[in-house]
Asker: 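Here you go, one structure.
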Amino acid sequence: MGKASKRTAIEPTREQNYPEWYQQVIKAAELAENSPVRGCMVIKPWGYMLWENMQRVLDRMFKETGHKNAYFPLFIPKSYLEKEAQHVEGFAKECAVVTHSRLEMGEDGKLHPASPLEEPLIVRPTSETIIGEMYSKWVQSYRDLPILINQWANVVRWEMRTRLFLRTAEFLWQEGHTAHATEEEAWEETRQMLDVYADFAENYMAMPVLKGEKTEGERFPGAVSTLCIEAMMQDRKALQAGTSHFLGQNFAKASDIKFLSDAGELQYAWTTSWGVSTRLIGGLVMTHSDDDGLILPPRLAPSQIVILPVIPKDEHRGPVMEACESLRKELQAIHWVDEQHLSVELDDRDLRGGEKVWSWIKKGIPLRVEIGPRDLDSGSVFVGRRDTGEKTSMSRDEFVSKVTSILDEMQDGLHRRAREFRDANTRNIDSREAFYEFFKSEDTGGGFAWSHYSGEPELEDQLKQDLKVTVRCIPFEKDPEPGTCIFTGKPSRQRVVFAKSY
RNA sequence: CGGGGCGUAGCUCAGCCUGGUAGAGCGCUUGCUUUGGGAGCAAGAAGUCGUCGGUUCGAAUCCGGCCGCCCCGACCA
C-alpha cells in the first residue's frame, strides 16, 4: 500500500490549489453543485441535512433567547428600499428587480413579459424595510415592545462572481429583526445575538471565532454599528461567519416605527438585525477538511456513523446484515448532545468495499464501522475515525459504550486543531515593514495581524489596494492596550485585526 | 461593465489549421472472477458536434449573426 497511501482522494491538494480543492471537496462530498441558473447552486441532500442541523440548533438558541419565527414577503416594493439612503446605496447594485406580471406567447413562439407592474418589486436582498413597515403598524405603545422576530428565508444578491456556499446569487439564511424601547436594550440584544453565533460556531461547528466590531467601511448599509464573528480558514484568509447589527433609530425613522413611552412621549424605536447564512457550510468545509475530502464535526454531521457490511460470499450476507441491523438499532437508541438520537447510516449498496469506504471518507462522516464475518466470530467491529484516520478493531460492546465519548473527543479535537492553526498564524505586528512582509509572502505568510491603527478610511483603501488586506474587526478585548498606529504614528486605542478575506 | 478563452456522449476532452461514414478516457449497463482502503477481463448502450444562416456535390471542420458558460480586473453574508 506504500504508493497507494500517498494518493489523496481530492485533487488538487490544499497546497497545490486551495480554491480548486474547495470546489472538489464539495463535489466529492455531494454537498452541492452549480445549477443551470447563473450564480445559483443546488444544495444536495447531504449538504441540506447539514443545513437542517444548523437550523435546528440555531432555532433552539433563538427561541431560548425569547425570539419567535415569522415569515415576510419575498418581494419588496422599490419605494420601501428607497426609504433609507445608505441602505439603498449599499444594496442597489445587487438587486434583482421584477418588472412584469405576465407572460404572453409571441408570434416568434417565445414567451414575452406582457404586463408591466405599476411599481417594480425587488427580490429581497435583506428584509429590514418590509419588516420595518410591518413593525410600524404593530408598535403603538411601549407595551408593544420589544418585538423579537426571526425568519428563515432565501435572499437574492446579484453577485458578479460566485462560489458555492461562500457567495451565491441566492442563498438561505435566517434574519432576526428586533425593535426595542431603549438604546441600551437594543445594544444588549445586538451583543447577545453575537454571543449566540459565537457559541454556535465554537461549540457546534468547532470553528474558533473572533468577536468584534466592523470598521465604518465594512459596516452594514444603514447600521450604526455592525458586530461580527470572524474565523480563519486553512488558507489563512478570514471568513465573516455571522453579523449582528445595531441599527440605532435609522430604520425606525425610515419606516416610522414610533411608540408612546410610559411618560407619554412619542419616540422612535431602536432596532437590531442579525443573520447567518449557508455560507457557514463553506466555513465548515474550509475549517476542517483535508486532502481526502470533507471532515464534519460530529455535532452537526448529518449522520455520525456509517455501518459498512463486508460480504465476501453470498452465504455471509444474512448473518452480517443481521449484525449490522442490530448494531444500528442499538446505536440509534443512544441519546447524545441536546438529547438528540445518534444518526446512523447503513450502507448496503452493491458496491465494492474500497469504493464504498472512500465515498464516506469524502463525505466526512465521523465514524465508519465495518462488520464482516471475522468480526461476527470475534464479537468485534472495525472502526475508522475520519478526523485522525485512525483505524482500530474493538469489541462491539466496547464500541457501543464508548461511542459518545469518542464523538465528544472528535468534536473537541477538531476545535483544538482549528484553534491551534489560527493561533499559529496570528501575530502582533508593530511596524509597517513587518506588516507588508507578513502579507506579501503569499505561500508561507499571511494570517491574522493584530496591529495598532488609527482608523482613517483612506488608509484602509490603501491597504486593500496594496495587499488586498482589510480590517476584519476591532476585537472585543478585556484590557485594550493603547499604542501608536503603525502606519501614521497617531495614537491608537487598541489593536485591530487585519487579514485577507472572503 | 472592460479584457481573454470555450461550447463535440452523463463528465473531462481530442478531432477543426489542410471539408469526405463521430473519437478517447472516465462513468453507466450486463456477465464472469473479485471484495476487510480506490479491482480485472469481456461484451454493450449512449452524441440532431450550442444555435440560426451562408459557402460547398458534401460542413463538427470554412464565413457571419445570435445564445450560453468559464477565467482575469472595480463590489459583497
Side-chain angles (χ1 to χ4, degrees), chain A residues 1-11 19-20 23 27-28 33-39 89-95 108 110 125-126 153-163 165-175 197 214 217-221 226 228-231 238-245 273-283 292-293 308-314 316-317 320 349-362 368-376 378 380-384 386 389 391-393 461 464-465 468 470 501-502:
Chain A
M1 284 297 112
K3 39 191 159 150
S5 66
K6 280 200 171 175
R7 178 179 167 194
T8 58
I10 302 298
E11 286 181 6
E20 181 60 23
Q23 302 278 115
K27 187 177 167 194
E33 53 189 77
N34 280 309
S35 75
V37 186
R38 168 199 190 82
E89 209 184 319
F91 285 108
K93 279 171 290 186
E94 50 195 57
C95 283
D108 56 3
K110 291 180 178 165
T126 179
N154 58 339
V155 287
V156 167
R157 297 182 187 176
W158 214 258
E159 302 286 352
M160 293 308 289
R161 299 194 54 203
T162 58
R163 296 185 68 187
F165 292 115
L166 297 174
R167 190 182 304 117
T168 47
E170 179 191 17
F171 57 95
L172 306 184
W173 77 346
Q174 58 70 215
E175 45 181 329
Y197 290 154
K214 284 295 185 191
E218 301 269 330
R219 200 178 286 156
F220 176 78
T226 289
C228 62
I229 53 173
E230 295 281 331
L239 182 79
Q240 177 174 311
T243 49
S244 185
H245 313 292
S273 67
W274 28 274
V276 296
S277 72
T278 37
R279 176 178 242 203
L280 289 178
I281 294 175
D292 284 330
L308 302 164
V310 179
I311 302 168
K313 298 204 170 111
D314 232 20
H316 296 129
R317 179 171 300 276
V320 168
R349 286 177 301 168
D350 180 25
L351 284 180
R352 283 184 312 278
E355 201 177 336
K356 205 187 270 191
V357 167
W358 278 104
S359 77
W360 288 105
I361 292 174
K362 288 182 281 192
R368 303 183 307 278
V369 180
E370 295 174 36
I371 298 182
R374 296 209 294 268
D375 301 300
L376 295 192
S378 61
S380 59
V381 292
F382 188 80
V383 180
R386 182 62 184 90
K391 287 163 288 189
T392 49
S393 188
D461 290 344
K464 195 168 179 179
Q465 227 175 21
K468 293 185 177 165
T470 49
S501 75
Y502 278 96

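Chain letters run A, B, ... following the sequence lines, proteins first, then strands; residues in each count from 1.
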Asker: Got a salt bridge between A/Arg317 and A/Asp314, using NZ or NE/NH1/NH2 to carboxylate O under 4.0 Å?
Answerer: yes

Asker: Determine the interatomic distance between P on B/rA39 and the same-named atom on B/rG2; round to the nearest Å.
Answerer: 49 Å

Asker: So, using salt bridge (Lys or Arg N to Asp or Glu O under 4.0 Å) as the criterion, who are the partners of A/Arg374 when residues are at least two apart?
Answerer: none

Asker: Which base, if any, makes a Watson-Crick or G-U wobble pair with B/rC69, both distances under 3.5 Å?
Answerer: B/rG5

Asker: Using the P atom in both, what is the distance from B/rG50 to B/rC13, to the nearest Å?
Answerer: 15 Å

Asker: Tell me every residue that passes salt bridge (Lys or Arg N to Asp or Glu O under 4.0 Å) with A/Glu218, counting only those two or more places apart in sequence or in another chain.
Answerer: A/Arg472

Asker: Nearest-Å distance, CG (A/Leu308) to P (B/rG38)?
Answerer: 14 Å

Asker: Can you tell me how far C1' in B/rA46 sits from the matching atom in B/rC26, rounded to whole Å?
Answerer: 14 Å

Asker: Considering only the C1' atoms, how many Å lie between B/rU34 and B/rC72, rounded to the nearest integer?
Answerer: 49 Å

Asker: Output the rounded distance in Å from CZ (A/Arg368) to P (B/rG38).
Answerer: 12 Å

Asker: For A/Lys27 and for A/Gly389, locate the closest nucleotide of RNA chain B by heavy-atom distance; then report the residue assigned to the nucleotide nearer the 5' terminus.
Answerer: A/Lys27

Asker: If we call it a pair only when both distances are under 3.5 Å in a Watson-Crick or G-U wobble match, what pairs with B/rC16?
Answerer: none

Asker: Taking B/rC75 as the reference, what is the distance to B/rG64 when you measure between their P atoms (whole Å, please)?
Answerer: 37 Å

Asker: Please check if the side chain of A/Ser359 supplies one atom and the backbone of A/Lys356 the other of a donor-acceptor pair under 3.5 Å.
Answerer: yes

Asker: Could you work out the separation of B/rA9 and B/rA60 based on their C1' atoms and round it to a whole Å?
Answerer: 14 Å

Asker: Within the side chain of A/Gln174, is there an N or O that forms a donor-acceptor pair under 3.5 Å with the backbone of A/Val276?
Answerer: yes

Asker: Find the partner of B/rG44: check Watson-Crick (N1-N3 plus N6-O4 or O6-N4) and G-U wobble (N1-O2, O6-N3) distances, both under 3.5 Å, and reply none if neither fits.
Answerer: B/rC28

Asker: Residues in salt bridge (Lys or Arg N to Asp or Glu O under 4.0 Å) with A/Glu20, at least two apart?
Answerer: none

Asker: For nucleotides 69-77 of chain B, give me one character per nucleotide, 5' to 3': B if any protein heavy atom sits under 4.0 Å from the base, S if the only such contacts are to the sugar-phosphate, - if neither.
Answerer: S--SSBBBB

Asker: Say we look at B/rU51 and B/rG47: how far apart would their P atoms be, to the nearest angstrom?
Answerer: 14 Å

Asker: Which letters describe nucleotides 24-35 of chain B, given B = protein heavy atom under 4.0 Å from base, S = only from sugar-phosphate, - = neither?
Answerer: -----------B

Asker: Between A/Ser273 and A/His245, is there a side-chain donor-acceptor contact under 3.5 Å, judged purely by atom types and distance?
Answerer: no

Asker: Just name whichever nucleotide pairs with B/rU35, Watson-Crick or G-U, keeping both distances under 3.5 Å, else none.
Answerer: none

Asker: With sequence neighbours left out, write down each residue that passes side chain to side chain donor-acceptor pair (under 3.5 Å) with A/Lys214, or none if nothing qualifies.
Answerer: A/Glu230, A/Gln240

Asker: Both distances under 3.5 Å, Watson-Crick or G-U wobble: report the partner of B/rU21, or none.
Answerer: none

Asker: Could you give the distance separating B/rG20 and B/rG53 at their C1' atoms, to the nearest angstrom?
Answerer: 23 Å

Asker: Mark yes or no for whether A/Asp292, through its side chain, and A/Thr8, through its backbone, hold a donor-acceptor pair below 3.5 Å.
Answerer: no

Asker: Less than 6.0 Å separating the ring centroids of A/Tyr502 and A/Phe165?
Answerer: no

Asker: For A/Leu376 and B/rG36, give me the distance from atom CG to atom C1', rounded to whole Å.
Answerer: 13 Å

